[in-house]
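Only a predicted model underlies this, so the values are computations on that prediction, with no experimental measurement involved. Each ligand, and each atom within it, is numbered from 1 in the order the structure gives.
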Amino acid sequence: MSVQLGMPQPREDAGAALPSVPGARPADAPAGLADRYGRRATDMRISLTDKCNLRCTYCMPAEGLEWLAKQAVMSAEEIVRIVRIGVEQLGVRELRLTGGEPLVRHDLVDIIASLCSNHPELPISMTTNGVGLAKKAAALKAAGLTRINVSLDSLHEETFTKLTRRPFLDQVLAGVDAAWAAGLGPVKLNAVLMRGINDAEAPSLLAWALDRGYELRFIEQMPLDADHGWTRRNMITAAEIRSLLSGDFVLSPDPRARDGAPAERFEVRRRAAGSDSGPLLGTVGIIASVTEPFCSDCRRTRITAEGKIMSCLFSREEFDLLGLLRSGASDDALAQRWQDAMWLKPKAHGMDHVGLDAPDFVQPDRSMSAIGG
Ligand code: SAM
Ligand code: SF4
């Protein structure tokens, strides 16, 4: 079902008198969401809400965060308009819906249907914690969602509950199965390993995913938790993840081009006595944002739930797109604000000191759920 969402009418002159971003994107800058270092963002991540029904220790505090007021969050119409400007004027070629938890938005299916009807060729994926997904997977697929990533850090009830502070493992597993059954494949699973909590589970999590045809990706824990508990020494590095997996599996670099993807992919074979070349079981991804950063090839642009442009997860500067939109700005003025903001994208995220003795990174003010991971 395609739902037509009404669009606010822009005032012709609006935006002209608003201050532009300091930093002077030159008039002869390349088209689209280019930056000073020769990169161009084509992969858009938009956060649909800051709210969430889990409290993952590496992301949210136990008591939750102070949620944004309803009117501060982008409406469905505003989301659809911002995406349209990104796609039609600025070269966005991929869209990921995220949060907070996107499934808590009651109008999620309508948003996807509108996006899909406006941009039938645009791949639209979503990152979710999977709570409540079982009931919605078929509707999401019917609305036009292309792919899904479900976060799953443990298959053990107790560990899952310890990590997420909620006893919803069964719901998440049912959601993963429902997504697969609805045709939202390839289903990708995201896992963050925490030392002494679920790191020993890495090989069994991978075996479980491979058995079912899901693509597991391990994400290095980043200093984006609201509790500020991250330390360089305590995080599980990509090198450690490879080593944890190497007892049971042989990993070899996936020959397919990485093409700007955050995950480095490996082909996986089971380690058999006397042989390293069992049949190919599938692939595993490792997102090594801290120890093996990929900033030089970053193609992402982010919009937070309250419509702020973030050129990097670790940006300390944000630029208000929603306020400008609500002031009645034209599409061209909004596109220009977005381009100006992206022009200032930092060269690298600042965590890329290598070695465990490097100084700890100064954590940005926003935690992951408030940015949109
Ligand atoms: N709530 C949804 C979910 O959990 O999938 C979407 C938003 S969540 C912020 C997006 C992804 O960020 C999840 O896969 C989560 O595991 C990851 N994440 C959250 N905090 C993180 C951190 N400090 N370091 C690395 N990944 C993190
Ligand atoms: Fe919620 Fe996702 Fe953050 Fe977990 S990682 S608290 S599910 S936003």
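Annotation: atom 11 (C) of ligand 1 to nearest protein heavy atom, Thr127 CG2, 4.2 Å. Protein heavy atom closest to atom 24 (N) of ligand 1, with residue, atom name and distance, is Met222 N, 2.8 Å. Protein heavy atom at the shortest distance from atom 17 (C) of ligand 1 is Met368 CE, 4.2 Å. Among all non-hydrogen protein atoms, the one lying nearest atom 21 (C) of ligand 1 is Tyr58 CD1, 3.6 Å. Atom 2 (C) of ligand 1 has as its closest protein heavy atom Glu101 OE1, 3.3 Å. Closest protein heavy atom to atom 1 (Fe) of ligand 2: Cys52 SG, 2.3 Å. From the protein, the heavy atom lying nearest to atom 4 (O) of ligand 1 is Ser151 OG, 3.4 Å. For atom 8 (S) of ligand 1, the closest non-hydrogen atom of the protein is Gly99 O, 4.4 Å.
In this structure, Ala191 falls outside the shell of residues with a heavy atom less than 4.0 angstrom from ligand 1.
With a 4.5 Å cut-off on side-chain heavy atoms, Thr98 and Ile46 do not count as touching.
Under a 3.5 Å cut-off, the side chain of Lys308 and the backbone N or O of Glu318 do not form any donor-acceptor pair.
Checked against a 3.5 angstrom limit, the closest N/O atoms of Gln221 and ligand 1 fall outside it. At least one N or O atom of Thr128 sits closer than 3.5 Å to an N or O atom of ligand 1. Considering backbone and side-chain atoms together, Gly100 places an N or O closer than 3.5 Å to an N or O of ligand 1. Taking any N or O of Ser369, backbone or side chain, none lies under 3.5 Å from an N or O belonging to ligand 1.
Counted within 6.0 Å of CD on Glu158, heavy atoms from surrounding residues, nucleotides or ligands total 12 or fewer; the atom is thus considered open. Heavy atoms of other residues, nucleotides or ligands lying less than 6.0 angstrom from CZ of Arg165 number more than 12.
At a cut-off of 3.5 Å, with distance as the only test, a side-chain donor of Asp153 or Tyr58 sits close to an acceptor on the other residue. Arg96 and Ser125 share a donor-acceptor pair across their side chains, judged by distance under 3.5 Å alone. Of the N and O atoms on the side chains of Asn118 and Arg84, not one donor lies less than 3.5 Å from an acceptor on the other residue. Remark: the Ser315 side chain and the Glu317 side chain contain no N/O donor-acceptor pair separated by less than 3.5 Å. No side-chain N or O of Glu220 forms a donor-acceptor pair with one of Ser289 less than 3.5 Å apart. If you check the side chains of Glu101 and Asn53, you find no donor sitting under 3.5 Å from an acceptor.
In this pair, Tyr214 and Trp208 present their aromatic rings tilted. The plane angle is within the 30 to 60° band.
Listed by number with element, the atoms of ligand 1 under 4.0 angstrom from any heavy atom of Val192 are 16 (O), 26 (N). Atom numbering of ligand 2 starts at 1 in the shown order; those under 4.0 Å from a heavy atom of Met60 are 6 (S). Listed by number with element, the atoms of ligand 1 under 4.0 angstrom from any heavy atom of Thr98 are 6 (C), 7 (C). Against a heavy-atom cut-off of under 4.0 Å, Glu220 is close to the following atoms of ligand 1: 24 (N), 25 (C). Close approach of ligand 2 to Cys56 (heavy-atom distance below 4.0 Å) involves ligand atoms 4 (Fe), 5 (S), 6 (S), 7 (S). Taking every non-hydrogen atom of Ser369 and a distance limit under 4.0 Å, the qualifying atoms of ligand 2 come out as 8 (S). If you number the atoms of ligand 1 from 1 as listed, the ones under 4.0 Å from a heavy atom of Asn190 come out as 14 (O).
Within the coordination shell of atom 4 (Fe) of ligand 2, defined by N, O or S atoms under 2.8 Å, Cys59 is absent.
Taken together through direct or relayed side-chain contacts under 4.5 Å among Ile, Leu, Val, Met, Phe, Trp and Tyr, Leu324 and Ile85 form part of one hydrophobic cluster.
Each of Val92, Thr42, Leu33 was scored for a side-chain contact (heavy atoms from CB on, under 4.5 Å) with Arg299, with one residue passing: Thr42.
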